[in-house]
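Keep in mind that this is a model prediction, so the values were computed, not measured. No hydrogens, no waters, no symmetry mates; every other heavy atom, side chains included, goes into these values.
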Amino acid sequence: MLDRKRVAGLGRGLSALMDEGAAATPARTTLPIADIVASATQPRRRFDAAAMDELVESIRTRGVLQPILVRPLPGRRYEIVAGERRWRAAAAAQLHEIPVVIRELDDAAAFEVALVENIQRADLNPVEEAEGFRRLIGDYGHTQEGLAKIVGKSRSHVANLLRLLDLPDDIREQVAAGALSTGHAKALMMAPDASALALRAINEGLSVRQIEALARRSNPGKPSPHNAAPHGAHDDPDLAALEARIAEALGMTVTLAAPKPPTGTMTIAFSTLDQLDLLCRLLEAAHVTLAPR
């Protein structure tokens, strides 16, 4: 787990990590490309071929303008923390050395830096981002709330992305490839046969709203994946707006029903233990007794 100073550095991005504590670490330097290895835990798995070709040509012409961040390994070798795409392109351009900043980082800090840097550069697809979140929670003990602060996103963004990992493998692959958007994926969560509907969405070019309508038709008892009732489900627009606000704040599915105002019910559906834990902590903070009487 990182201390507050290092978390603040993560939030500011790679430049902050390069400048922070410069007196205690080596200055920017160059290293042989052959002495640098990629990280096995790199959050990014896909590298667009056309974009890589453009970067290779740019590096041939102008060189590597921004150093990559590495950490030392035994045997005078170095592991990439951030900048693998530039390292790959420099190798393809047949450069022998690359500018680097060397930092001493443990496994947790290295993975966090890599994830934050990729997110800030918008280099990750939604599935890669979600898998990175899951690893930080599962391997390094972050909560969704704490993780949201580190990566500079809302807690609901983190929670909603994690839900993508509950989808079948084939749908996650289509989202990762860009054939389906995150909105499509959320809508597919409503469908009893999500894979079949995903193929239809791709083949017919269906919109998110069209998928939602088809999913509701085949599974009418399941709430909308947008954490609010479908448009028009409430006669009272204020109630619908309130439902959407609560759902967005919690990052969970929320349903409000008020058949006889001012009385009614609110249902909050959680899909992970982290979400349940968050609800419990919010209720405890509001001085609600959770222990059975």
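- Note: the hydrophobic cluster containing Val56 does not contain Ile80 (ILVMFWY, side chain heavy atoms under 4.5 Å, direct or indirect links).
- Side chains of Leu69 and Arg103 form a contact here, defined as non-hydrogen atoms less than 4.5 Å apart.
- The side-chain hydrogen bond (donor to acceptor under 3.5 Å, both in side chains) test applied to Asp169 returns Arg172, not counting sequence neighbours.
- Between Leu161 and Pro126, the closest side-chain pair of non-hydrogen atoms falls below 4.5 Å.
- Nearest heavy-atom pair, Ile171 versus Ala198, reported as atom, atom and distance to 0.1 Å: CG1-CB, 3.9 Å.
- Listed by chain and number, the residues in a side chain to side chain contact (heavy atoms under 4.5 Å, CB included) with Glu173 are Arg46 (sequence neighbours excluded).
- With rounding to the nearest 0.5 angstrom, the CE atom of Met190 is 10.0 Å from the CG atom of Leu214.
- Shown here are the salt bridge (charged side-chain N to carboxylate O under 4.0 Å, His left out) partners of Glu145, two or more places apart in sequence or in another chain: Arg281.
- The nearest pair of heavy atoms linking Glu79 to Ala40 is OE2-N, 4.5 Å.
- By the 4.5 Å side-chain criterion applied to Ile, Leu, Val, Met, Phe, Trp and Tyr, Leu73 is assigned to a cluster that also includes Val37.
- In this structure Ala196 satisfies the side chain to side chain contact (heavy atoms under 4.5 Å, CB included) test together with Asp193, sequence neighbours excluded.
- With sequence neighbours excluded, no residue forms a side-chain hydrogen bond (donor to acceptor under 3.5 Å, both in side chains) with Glu54.
- Within the 4.5 Å cutoff, the side chain of Val175 has no heavy atoms near those of the Asn125 side chain.
- Residues that satisfy the salt bridge (charged side-chain N to carboxylate O under 4.0 Å, His left out) test with Asp107, not counting sequence neighbours, are Arg71.
- The two atoms that bring Ala109 and Asp106 nearest to each other are N-OD1, 2.7 Å, heavy atoms only.
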* **Residue pair Leu31, Tyr78: steps toward the side chain to side chain contact (heavy atoms under 4.5 Å, CB included) verdict** => CA-CA 9 Å; Leu31 287 174; Tyr78 299 85; 3.5 Å; yes

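- In this view, Asp53 satisfies the side chain to side chain contact (heavy atoms under 4.5 Å, CB included) rule with no residue, not counting sequence neighbours.
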Using a 3.5 Å cut-off and no angle test, enumerate the donor-acceptor pairs between side-chain atoms of residues 91-98 and protein atoms at least two apart in sequence or in another chain.
none

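- Listed here is the closest heavy atom pair of Ala89 and Met52: N-CE, 3.9 Å.
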* Asked: Trp87 and Val64: side chain to side chain contact (heavy atoms under 4.5 Å, CB included), yes or no, with the steps?
  -> CA-CA 9 Å; Trp87 171 73; Val64 180; over 6 Å; no

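- In this structure Thr30 satisfies the side-chain hydrogen bond (donor to acceptor under 3.5 Å, both in side chains) test with no other residue, sequence neighbours excluded.
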* Pair Leu115-Arg135, side chain to side chain contact (heavy atoms under 4.5 Å, CB included): steps then yes or no -> CA-CA 10 Å; Leu115 182 63; Arg135 182 164 185 204; over 6 Å; no

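- Side-chain contact between Gln210 and Arg200: absent, with no pair of heavy atoms (C-beta onward) separated by less than 4.5 Å.
- Separation of atoms CD (Glu212) and CG (Leu197) is listed at 11.0 Å; rounding is to 0.5 Å.
- Side-chain contact between Met266 and Ile246 is present, with heavy atoms from C-beta onward closer than 4.5 Å.
- Every residue two or more places apart in sequence or in another chain was checked for a salt bridge (charged side-chain N to carboxylate O under 4.0 Å, His left out) with Arg77, and none qualifies.
- Across Ile68 and Gly83, no two heavy atoms sit closer than the pair CG2-O, 3.4 Å.
- Distance check: Arg209 CZ to His184 NE2 gives 11.0 Å after rounding to the nearest 0.5 Å.
- Note that the OG1 atom of Thr255 and the CD1 atom of Ile268 stand 10.0 Å from one another [nearest 0.5 Å].
- Glu112 and His142 are linked by a side-chain donor-acceptor pair at a separation below 3.5 angstrom, with hydrogens and angles left out of the test.
- By the criterion of side-chain heavy atoms lying less than 4.5 angstrom apart, applied directly or through intervening Ile, Leu, Val, Met, Phe, Trp or Tyr residues, Leu188 is not grouped with Leu199; the two fall into different hydrophobic clusters.
- Closest approach of Gln144 and Leu162 over heavy atoms only: NE2-CD1, 3.5 Å.
- The distance from the CG atom of Leu136 to the OG1 atom of Thr143 is 11.0 Å, given to the nearest 0.5 Å.
- Within the 4.5 Å cutoff, the side chain of Thr182 has no heavy atoms near those of the Asn160 side chain.
- Residues satisfying the side chain to side chain contact (heavy atoms under 4.5 Å, CB included) criterion with Glu131, sequence neighbours excluded, are Val127, Arg134, Leu165.
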